[in-house]
Peer 1: 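Mind looking over this structure? Questions follow.
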Amino acid sequence: MANANGAQLKEKVSGIISTAKKYWSVPPKGNYVPYKEVATLGVAGLGFNWTLTLASAIGLDGANFIVGACIGLRPFHLSIMLIVANIIGIPIALFRGWYFDNHHMKGGKFIPFLIRSAFPLVFLSTIMVWLPFENWNYITKAIVVEVFYLALQFFLCFYNEGFAYLQQIITPNAQERATVMSISQIIYSLAPSISGFLIPTIAGLTWGLNNITTYRIIFPIISVIGLVLNTIFFRKVKERLILPKKKVEYVSLLDAVREVAKNKYFWIINVASWIGFLEGAYGVTLGWSFVYSQNGDKAAWLGTANTVIGNAALWAMLLAPLAIKKFGKRNLLIMCNLMNVILFIFLSFSYKNLIILCAIMFFNGFVNTFGNIYLPNINADMRDYHQWKTGVRIDGLFAPLALIGTVLSFFTGLIVPYIYEKCGVKTDYNVLYDDAIRNHLFQVLIICSIFGAILNLIPYLFYDLTEGKHQGYVNVLKVRAMFEDYGEDLLDDDELIDAMEIINTARELDGQEKLAVDKSKLKAARRMPKRNPEDKERRKQAIHEARAEIKAVKERNSKLECMPIVMEELNKFSTVRYQKQLEEAKLTFANGELYYYEDANQIMKAAKALPKSTKEEKEIRSDAIALARIKRESAKLIEKYGIENIMVPDDAVKEEIQNREEKSVLETIKKKNDLKKYVKAESVYHRATKPYNNARNLLIQSENYTHLAEIESLYEKVKAERAVTEQSKEPVMA
């Protein structure tokens, strides 16, 4: 028996190694990311985390060792400084979102920011901790800390958001994205585990965590190691946005905000986080229980408890892709939130027992770690949906409306500290040694967490972006890109085959019904005898075949859910809505690139007066209002600047300004001002010509869609050529 088990284990390990070798450089069929790149993303993530070792340790928080214990700033003053920094950060966040979506650099949309932001973070944070704060007065220290914090946050937000967005666009396949994120997180989660062990250990043997010397020596060394890994490995990761190959068009901040405001999934995701902020209130129960209960006798065991509890994350990351595949992201989120509610209820009457407390925290950590996988994937799905709905890909420009959460946090962030004070915890935390005060506080915090978890759950009951729908939207993006690239003579064979297979499958399944999943064969196979090796083999084969049938039915049903979206796209120009759009587009295009819509206000009134009784009428009215809005904005710009003063952008001019050498301060200032003027003029041009450009794009798209028969012929030709090539590669039998 032992030999048989050993042989099976050896066979499984051999299979894993064989699969890894096979797909190390080439991804499996239907996927996009080879295993080598998954590993590369994981190592790049190690570099990402270690690069932030010092920069992320600098915070405007009374509990922060650097600015609090080492530099000596008061907690209340730090709170005021944080509010000031957040207010200053609002326009910077707007700029960041706009810059992400309008300044694609060589190397990708986000990867260049990860490479270019890393060095300033390490450099600025190292310079800051080496400043002679001990020789300065209080006001000087506060001003310097605020200035450096703002500078660090400028680069830190580009860096953090760049990494988050990169993971969301590493593949357009939602299930593959979950797997990639799960495996890469297992690798790069080692970074905080290693540094979290090394830094306190080395600090404990040398200067201590409340001594500035630790942050001048130990932290920068790890940050520099991270910087090296970051610079090397992020260059080897690819972004995979589904976009036409021609130059990406300008995205207006105001237009993006208006469209995001109509995205129901954006509101569901963000409202859930805004109203569920109390869910984390329970977090202090573990640390404070060890430090303050039983007169602090168990404080030394807190590190061990954290290590054991932290191990729960590994198992959740391993299981997350399977759980998403079985239940779906939305259902998994709801299950995890319900599980948290149950755990918090258990915690409310068992937190006094340290062993039970640790067990609950272990399961809570296990449940919450699933969110590290499904939440970024839900956000990625929402962005793909937005691109399908609006025709424009944005990532950073979701930030302006998300700033509502930043403003709300100015108030909601005070609620938990207010609870601390009302329960007796003010400046002297030693009152927590009193069991009555501590237990009363814990009970209130746990009730808040239950309430927060329920509130966080409610918006997702209205989330209906299923995996099937999302795949349909992604398929449509591929089809649109194929038509546009064909029109621009930029279509490659792989893109052609991928999109045409989507179209052919949609046609094949059009009008068909879903099949019921029949598990009777699987149940019968499991009841088959297994008395001898032959019986076991027959049973195993029967189970395998039954599972394959079930899988085939599920895959077909999933395709049936997404394929109507593709058919709707192919037939859209025959609908009343798009016929109306084309009529307006022809008139707008005929007016020319820069046309003064002096009657823009009347156009808007007429659009708002359109009927809105049916879904189709609402869509036509919404289209008319959107067109009237951009015509009105164009008219205002032409009134302000004059047609003759609106400059046509020239990339050569912009490049000349950017590459201009500065030999003096005056030349530096002139270069900066010239670039600022150019960017402003470019923005004015894009907004003034938007009615014309939108009309032209729609007319071109409708024309491209009429060439489907030609594209089909090209597809058959490419397929035949590939078949001949593959046949020539087959070995000739002797």
Peer 1: Is there a side-chain contact between Y215 and C70 (heavy atoms, below 4.5 Å)?
Peer 2: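 Sidechains of C70 and Y215: in contact.
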
Peer 1: Decide yes or no for Y282 and N364: does some side-chain heavy atom of the first lie under 4.5 Å from some side-chain heavy atom of the second?
Peer 2: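 Yes, side chains in contact.
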
Peer 1: Quick one: list whatever passes side-chain contact (heavy atoms from CB on, under 4.5 Å) with V444, sequence neighbours left out.
Peer 2: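 Listed in chain order: I419, C423, H440, C448.
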
Peer 1: Please identify each residue that fulfils salt bridge (Lys or Arg N to Asp or Glu O under 4.0 Å) with K352, with sequence neighbours left out.
Peer 2: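 With sequence neighbours excluded, K352 shows a salt bridge (Lys or Arg N to Asp or Glu O under 4.0 Å) to no residue whatsoever.
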
Peer 1: Please examine the side chains of T285 and M361, heavy atoms only from C-beta on, and report whether any two atoms are closer than 4.5 Å.
Peer 2: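 Sidechains of T285 and M361: in contact.
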
Peer 1: A side-chain contact here means heavy atoms from C-beta on lying under 4.5 Å apart; do F442 and S348 qualify?
Peer 2: no

Peer 1: Would you name the heavy atoms of S350 and I360 that are closest together and state the gap between them?
Peer 2: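 Minimum heavy-atom separation between S350 and I360: OG-CD1, 3.3 Å.
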
Peer 1: Quick test of your reading of the model: are D381 and R177 salt-bridged, counting only N-O distances below 4.0 Å?
Peer 2: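 A salt bridge links D381 with R177.
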
Peer 1: Yes or no on side-chain contact (heavy atoms from CB on, under 4.5 Å) for I169 and F110, after CA distance, side-chain angles and deciding distance?
Peer 2: CA-CA 10 Å; I169 63 168; F110 302 114; 3.6 Å; yes

Peer 1: Less than 4.0 angstrom from a charged side-chain N to a carboxylate O is my criterion; do D464 and R330 meet it?
Peer 2: no

Peer 1: With salt bridge (Lys or Arg N to Asp or Glu O under 4.0 Å) as the criterion, how do R216 and E134 come out once you've worked through the C-alpha distance, each side chain's angles and the decisive distance to 0.1 Å?
Peer 2: CA-CA 14 Å; R216 289 173 173 173; E134 57 271 20; 3.6 Å; yes

Peer 1: Check ring-ring contact (aromatic ring centres under 6.0 Å, His included) between Y159 and all other residues, then give those that pass, not counting sequence neighbours.
Peer 2: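 Expected list: F48.
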
Peer 1: Is there a donor in the side chain of N340 and an acceptor in the side chain of E279, or the other way round, less than 3.5 Å apart?
Peer 2: yes

Peer 1: So do N270 and I404 actually touch side chain to side chain, heavy atoms under 4.5 Å?
Peer 2: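 Heavy-atom side-chain distance check fails, nothing below 4.5 Å.
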
Peer 1: Does the plane of the ring in Y460 sit parallel, tilted or perpendicular to the ring in Y463? Use 30° and 60° as the thresholds.
Peer 2: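 Rings of Y460 and Y463: tilted, as their planes differ by 30° to 60°.
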
Peer 1: Not counting sequence neighbours, which residues clear side-chain contact (heavy atoms from CB on, under 4.5 Å) with C336? List them please.
Peer 2: L332, V367, F370, Y374

Peer 1: In terms of relative ring orientation, are F95 and F154 parallel, tilted or perpendicular, with 30° and 60° separating the classes?
Peer 2: parallel

Peer 1: Less than 6.0 Å separating the ring centroids of F163 and F113?
Peer 2: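 For F163 and F113, the ring centres are not under 6.0 Å apart.
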
Peer 1: Could you walk me through whether T140 and N137 satisfy the side-chain hydrogen bond (donor to acceptor under 3.5 Å, both in side chains) test, starting with their C-alpha distance in whole Å, then the side-chain angles of each, then the deciding distance to 0.1 Å, before giving a yes or no?
Peer 2: CA-CA 6 Å; T140 303; N137 63 40; 2.8 Å; yes

Peer 1: Could you go through the side-chain contact (heavy atoms from CB on, under 4.5 Å) check for E161 and F100 one step at a time?
Peer 2: CA-CA 10 Å; E161 290 180 19; F100 267 136; 3.6 Å; yes

Peer 1: Under a plain distance cut-off of 3.5 Å, with no hydrogens placed, do E239 and Y165 share a side-chain donor-acceptor pair?
Peer 2: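 Judged by distance alone, the side chains do not pair up.
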
Peer 1: Among all residues two or more places apart in sequence or in another chain, which pass the salt bridge (Lys or Arg N to Asp or Glu O under 4.0 Å) test with E467?
Peer 2: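 Here the qualifying residues are K329.
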
Peer 1: Using side-chain contact (heavy atoms from CB on, under 4.5 Å) as the criterion, list what pairs up with V260, not counting sequence neighbours.
Peer 2: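 side-chain contact (heavy atoms from CB on, under 4.5 Å) list for V260, sorted by chain: F266, H386, I394, F398, L401.
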
